[in-house]
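Notes for the one structure printed next.
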Amino acid sequence: MEAVETIIKTLHPLEIKVLLHVETGKKLNAEILMQELSFNLGQCNQVFSWLSMKELLAELERFTIISYEITEMGEEYYKQGTPEERIVTLLEKEKKLTLPDAAKYLNIDNKDVGSTFGLLSKEGMLAMNEDKAIYIADKTKDQRLKHLRALLDLLHEKKSVPDTELTPALQKLAASLSKKRGSGSSICKQLERDKVVYILTTQGEAVKKALQTKGVTGQEIGVLTAEVLKSGEWKQRGFRSYNINTPPVRVLLGRKNPYVEFLDKLKDKLISLGFEEYDGPLVETEFWNCDALFMPQFHSARDIHDVYYIKQPQYAKTIAEPYLSQVSHAHENGWQTGSRGWGYSFDKQFTKKLILRSQGTVLSAKALVNAKIPGKYFGVVRCFRYDKVDATHLADFYQTEGIVLGKNVNLKTLLGLLKMFAEQVAGAKDVKYVPGYFPFTEPSVEVHIKHPELGWFELGGAGIFRPEVTLPLGIDVPVLAWGLGIDRMALMSLGLKDIRDLFQADIEQVRLRRRS
Amino acid sequence: MPKIEVHEKLFHKFLGKKLNHTELIDVLEAAKAELDEVNKEDGILKIELNDTNRPDLWSTLGLARQLKVYLGGKPSQFDFYSTPEAQKEVDDRVIFVDMGLQHIRPFIAAFVAEGPAIDEALLIDLIQSQEKLCGNYGSKRKTIAMGIYRSEKLEYPIHYIAADPLSTKFIPLGLEKECNLNEILTLHPKGMEYAYIVKEYKKYPFLKDNKGDVLSFPPIINSAKIGAVEVGDSKVFVELTGTDMYTLVLAASIAACDFADAGFKIKPVKVCYPYETPLGSEIITPFYFQKPIMLDIQEANKLLGETLSPAEAAKYIEKMGNKVTVEKEKITLFPPVYRNDFMHPVDIVEEIMMGRGIASFTPVMAEDFTMGRLTEEEEFSRKVRDIMIGLGFQEMIYNYLGSKRDFIEKMKMVEDSIIEIANPMTESYEMVRNSIIPNLLASEAISGNAVYPHLIFEAGKVVLKAKDENYGSKTKNYLSFLFSDREADFNDISAKVSALFYYLCKDYTLQDVDDPRFIKGRCATVFYRDKSVGVMGEVHPDILENWGIGMPCTTAEIDLDQIMK
């Protein structure tokens, strides 16, 4: 019984009407519905298709009906006369004519006149003499003429005529005309239609009974409109039940990009931990990108194949003092930092070279100049690398970096900071620290975490800025510097494998993307 | 960062101890190293070394030397080097340097190693450390190149000269016929690879012995005659040439220590220069030039957050293979001959951290109160993005680099309006965008199958050329959005701009503009406080055709930094 209930909810008003109308054991076809329920043919076809799919009606018998329909050409011949009629009328007037003259006179193609003459001469109505002139040989042999006209009249009147309503002669003629040629150059076309007779199934009977019991009429209100509300007709008529499981239409909506959302959440988390955001230009100088970070100018990572240089202009106009002098001295001999320096001659032109920043630490160095003490800073910033782009490398990508300044920060607070990131940012419980190496920090530490889904991996690197970095920039307290690798977590959160997909340009892909 | 292949048996032999892989992974931390791969079949471990200032660790022997002491073994004792105060005997082992090299490749260091016959595993390791020293630490042989020869065949003194590239000939390793130096640079694979180091000079570095037998054409290739060392050889001559004296002498010491640890006796060689060098005009190598460095225990404790006594700290420093003396609060470290990475006392602090073990330091939370906040620009951008999303737009995020074809040609823009990269890797990434519109159109070009309408936007950065700026350019925060549908027109985009400004509580005006990106008469400059802050309009079919877009597009771009004020 539950099945019947469910079926009722899926019924269209047309289906309901049919079910309520049909009697058990009685044959049902399109004609009956058209006559008795004033359905059109389209509605009949739809309702039969729906009801048989639901197995409420079953197919009893099926046969093919051939019918003929008049074409545009047929309509024209109906009005102007067929070529046969026109030749005969012409010959009645002119008596004798050559075929080309007849064609010219009637404005019909030579070969069409020829073939028409051929058909009529075969029946003995027309003939041709020695001078190649045609004439009426026997006016009584006009069977073809009459049949054609009869067929045209019938087709014109009824538009569509079933094969069964034609005399055998007309049947033959219609078949030969529409079969010989394509529909365009013929007076009629043949159509084949399946005619199906349906009968109510047992299930259909059950549904019908249920409908009757419930008093469903098919007249229930479908869409509730303002008019319906105003007229109050809903008070008399019930509402049609909808199938709540019909798949809904797709909604196109305005949405955040899931990767940007991930980065937003990361920033929010860092703010909540007391960090202030910094930012800066995408074009930087060698000075801030590397020199200020005490990376010697001959460092192997400062090769032409590691950073992108700007074509024009190639150099910055100036580097702010006293930082330029202090940093250059730190490189050459350590300046007042207690270091022996790198012991080479610092190139003050090279340091002005413009590049696309290759690391977020640039902004940490710049932030030192105006930093508050104590202070905590961070940036989630775009960086550029001279890398071949593949599933794990991008030419431009985000780095997450920051610094912590304070009189009392040290290795233990550095580890505390990393522990906080591991727990708060990555949601990890197991944390491991190992010695690391970065040119600008000493000591340096890497933090490895056991991510709930990704397993053990390196979350980031950190250290205490070397005095050769901080003192030339005017900072005389220890500075913890840290960087987090968040790409793997971003990919996992977005269900992606290929880092290039973070910057997906395909609209459909972005629309469908979700963040877990 | 260098990666080395370590022969496990050889490694255990020098370590004096067998470690399983879990133990190894832990111990490797003392060398800032990671176990990358284990090849069980041929007993090879692939290990990555993270410290680019510790080239002494880039060989099986060097790594074993560090870890052996860390695990409590006896440190290697080296006594083969000279110091500024004490010189070693060299007998007839002398190299004379030609004046002509002063501005080409001025420095050379050398030694002789005599010992047991070299076996295959050791030979492979020696070749590897040569490659790492010269390739990584020596910047692709530019600052360090190394050659090993059979020393029995040499007659001292050896001459390091600046030779004429055309008239100087010999048979290089790997070829069978005699070539002049120029031919080697163009014919020999190593010649082609390293030609860049010497080709700008008129004369090239050249090394021969007293008989005139050729040792090598440094930094390119050895001679076939004496420059081929094979399994079974037991007496070798090792030389290194380069451009920085300290780097070179350090590299020579590292190589000598590896040989010494492998059981070889090191015999020094004297180099005589006709010019002054940072270490004088006569140097006997291997040479110890490193200076002691002093650390105040208070400084160390401040950075470590601990209260270690000087003696405790000294113990941990020694565990890392260093020699120290302690006097009251001061610890003095005497760097090993194979290390030159102690630039500042903080470098000793890290030795304490590693010697004691990082796990012995308890993480603590910093107590300083600080206030977190976003930049003003980010706050404003978030507000703008919220409005755009409310207007039904899908947010996009794009790469900032792109091609000249996309940014200039397809957009009909003027060539020098965009910041260009001087050394692009591929033409797909040769410019930094100065507008987000090309990115939006690129999306349209590949999204013809996505259900319409398309409403997309990005709030992101662009770089504009700006002559007056110190950097000649300015990074800005832009918002661009695009609406595409069967009948998208100016009114659609205008309505969206209007809504955006309304909810930002800003007023704007529009003015007609001629812009090749848009249909004339259907685009406008957006003004805010009498300043042009953006543009909007119907994208010209020419541009749509360039991108292969078959649907009308309207777009707008606003300078957020300008309207934020």
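Here is how names work: the chains are called A, B, and so on, in the same order as the sequence lines, proteins then strands, and each is numbered from 1. Predicted, not measured: the structure shown is a model, and the values here were computed from it.
Both the backbone and the side chain of B:R373 have a heavy atom closer than 4.5 Å to some heavy atom of chain A. Only the side chain of A:E446 comes within contact range of chain B, judged by heavy atoms closer than 4.5 Å. The part of B:P424 that comes within reach of chain A is its backbone (N, CA, C, O), which places non-hydrogen atoms under 4.5 angstrom from that chain. At a 4.5 Å heavy-atom cutoff, the contact between B:I419 and chain A is made by side-chain atoms alone. Interface remark: A:L253 contributes backbone atoms only to the contact with chain B (heavy atom separation under 4.5 Å). For A:R250, the part sitting under 4.5 Å from any heavy atom of chain B is the side chain, from C-beta outward, and nothing else. For chain A, no part of B:N449 is nearby; none of its heavy atoms comes within less than 4.5 Å. Interface residue A:K432: only side-chain heavy atoms are found under 4.5 Å from chain B. The contact between A:E284 and chain B is made by backbone and side chain atoms together, counting heavy-atom distances below 4.5 Å. Heavy-atom distances place both the backbone and the side chain of A:K376 under 4.5 Å from chain B. Only the side chain of A:I464 comes within contact range of chain B, with at least one heavy atom under 4.5 Å from a heavy atom of that chain. In this structure, the portion of A:L354 lying under 4.5 Å from any heavy atom of chain B is its side chain and not its backbone. When heavy atoms are compared at a cutoff of 4.5 Å, A:R382 approaches chain B solely by way of its side chain, counted from C-beta outward. Heavy atoms closer than 4.5 Å to chain A are found nowhere in B:A442, neither backbone nor side chain. Only the side chain of A:Y259 comes within less than 4.5 Å of a heavy atom in chain B; its backbone stays farther off. Heavy atoms closer than 4.5 Å to chain A are found in both the backbone and the side chain of B:N340. With a threshold of 4.5 angstrom between heavy atoms, A:P478 approaches chain B through side-chain atoms but not through N, CA, C or O. Contacts between A:V404 and chain B at a heavy-atom distance below 4.5 Å are absent for every atom of the residue. If you measure heavy-atom distances from B:F393 to chain A, the contacts under 4.5 Å come from the backbone alone. B:V364 touches chain A through backbone and side chain together, each having a heavy atom under 4.5 Å away. Using a 4.5 Å cut-off between heavy atoms, B:I456 touches chain A through its side chain atoms alone. Contacts between A:S272 and chain B at a heavy-atom distance below 4.5 Å are absent for every atom of the residue. For A:L502, the part sitting under 4.5 Å from any heavy atom of chain B is the backbone (N, CA, C, O) and nothing else. Neither the backbone nor the side chain of B:Y246 comes within contact range of chain A, judged by heavy atoms closer than 4.5 Å.
Your options are B:E29, B:K291, B:K32, B:M343, and the one with the most heavy-atom pairs under 4.5 Å with chain A is B:M343. The choice from B:T362, B:T375, B:N50, B:D244 that makes the most heavy-atom pairs within less than 4.5 Å of chain A is B:T375. The greatest number of non-hydrogen atom pairs below 4.5 Å with chain B, out of A:L414, A:V260, A:V283, is found for A:V260. Highest contact tally toward chain A, considering only B:E420, B:E367, B:R54, B:K302, is held by B:E420 [criterion: heavy-atom pairs under 4.5 Å]. Per-residue heavy-atom pair counts under 4.5 Å with chain A were compared for B:M365, B:E378, B:K142, B:E469, and the maximum is reached by B:E378. With chain A as partner, the option from B:T52, B:T426, B:I293 having the largest number of non-hydrogen pairs under 4.5 angstrom is B:T52. For the options B:A366, B:A445, B:S447, B:P345, heavy-atom pairs under 4.5 Å to chain A are most numerous at B:S447. Among the candidates A:E508, A:K256, A:E468, the residue making the largest number of heavy-atom pairs closer than 4.5 Å to chain B is A:K256. In terms of non-hydrogen atom pairs under 4.5 Å with chain B, the most contact-rich of A:Y377, A:W342, A:F438 is A:W342. By number of non-hydrogen pairs under 4.5 angstrom with chain B, the leading residue of A:L480, A:I319, A:D387 is A:D387. The residue among A:N410, A:L415, A:T337 with the most heavy atom pairs within less than 4.5 Å of chain B is A:N410. Taking chain B as the reference chain and counting heavy-atom pairs below 4.5 Å, the highest number among A:D268, A:L411, A:T285 is found for A:L411.
In this structure, the side chains of B:T143 and B:Y137 stay at 4.5 Å or more apart for every pair of heavy atoms. B:K474 has its side chain out of reach of B:D561: every pair of non-hydrogen atoms, C-beta onward, lies at least 4.5 Å apart. Residues A:P443 and B:V346 have side chains not in contact (no heavy-atom distance under 4.5 Å, counting atoms from C-beta outward). No side-chain heavy atom of B:M396 sits less than 4.5 Å from a side-chain heavy atom of B:F457. Side-chain contact between B:Y398 and B:L440 is present, with at least one heavy-atom pair separated by less than 4.5 Å. Looking at heavy atoms from C-beta onward, A:R500 lies in side-chain contact with A:V389 at the 4.5 angstrom threshold.
A salt bridge does not link B:E379 with B:R382: every distance from a Lys NZ or Arg NE/NH1/NH2 to an Asp or Glu carboxylate oxygen is 4.0 Å or more. Classification of B:K461 and A:D279 as a salt-bridged pair holds, one side-chain N sitting under 4.0 Å from a carboxylate O. A salt bridge between A:E261 and A:K265 is absent, with no side-chain N of the basic residue lying under 4.0 Å from a carboxylate O of the acidic one.
Between A:F275 and A:F378, the ring planes lie perpendicular to each other; the angle is over 60°, past the 30° to 60° tilted range.
For the pair A:T470 and A:F465, the tightest heavy-atom approach, listed with the atom from each and the gap, is CG2-CB, 3.6 Å. Taking each heavy atom of B:I421 and B:Y429 in turn, the nearest pair found is CD1-O, 3.9 Å.
Counted by atom type alone, A:N289 and A:S358 present one or more donor-acceptor pairs between their side chains at under 3.5 Å. Side-chain atoms of B:E427 and B:S403 include no donor-acceptor pair closer than 3.5 Å. For the residue pair B:H344 and B:D347, no side-chain donor N or O sits within less than 3.5 Å of a side-chain acceptor on the partner.
Rounding to the nearest 0.5 Å gives a distance of 11.5 Å between OG of B:S381 and CE of B:M388. Atom CD1 of residue B:I418 and atom NZ of residue B:K465 lie 9.5 Å apart, to the nearest 0.5 angstrom. The structure places CE of B:M320 at 4.0 Å from CE of B:M354, a figure rounded to the nearest 0.5 Å.
Remark: B:R356 qualifies as a cation-pi partner of B:F361 under the 6.0 Å distance and 45° angle criteria applied to the six-membered ring.
B:E430 places a side-chain N or O within donor-acceptor distance of the main-chain N or O of B:K404, the cut-off being under 3.5 Å.
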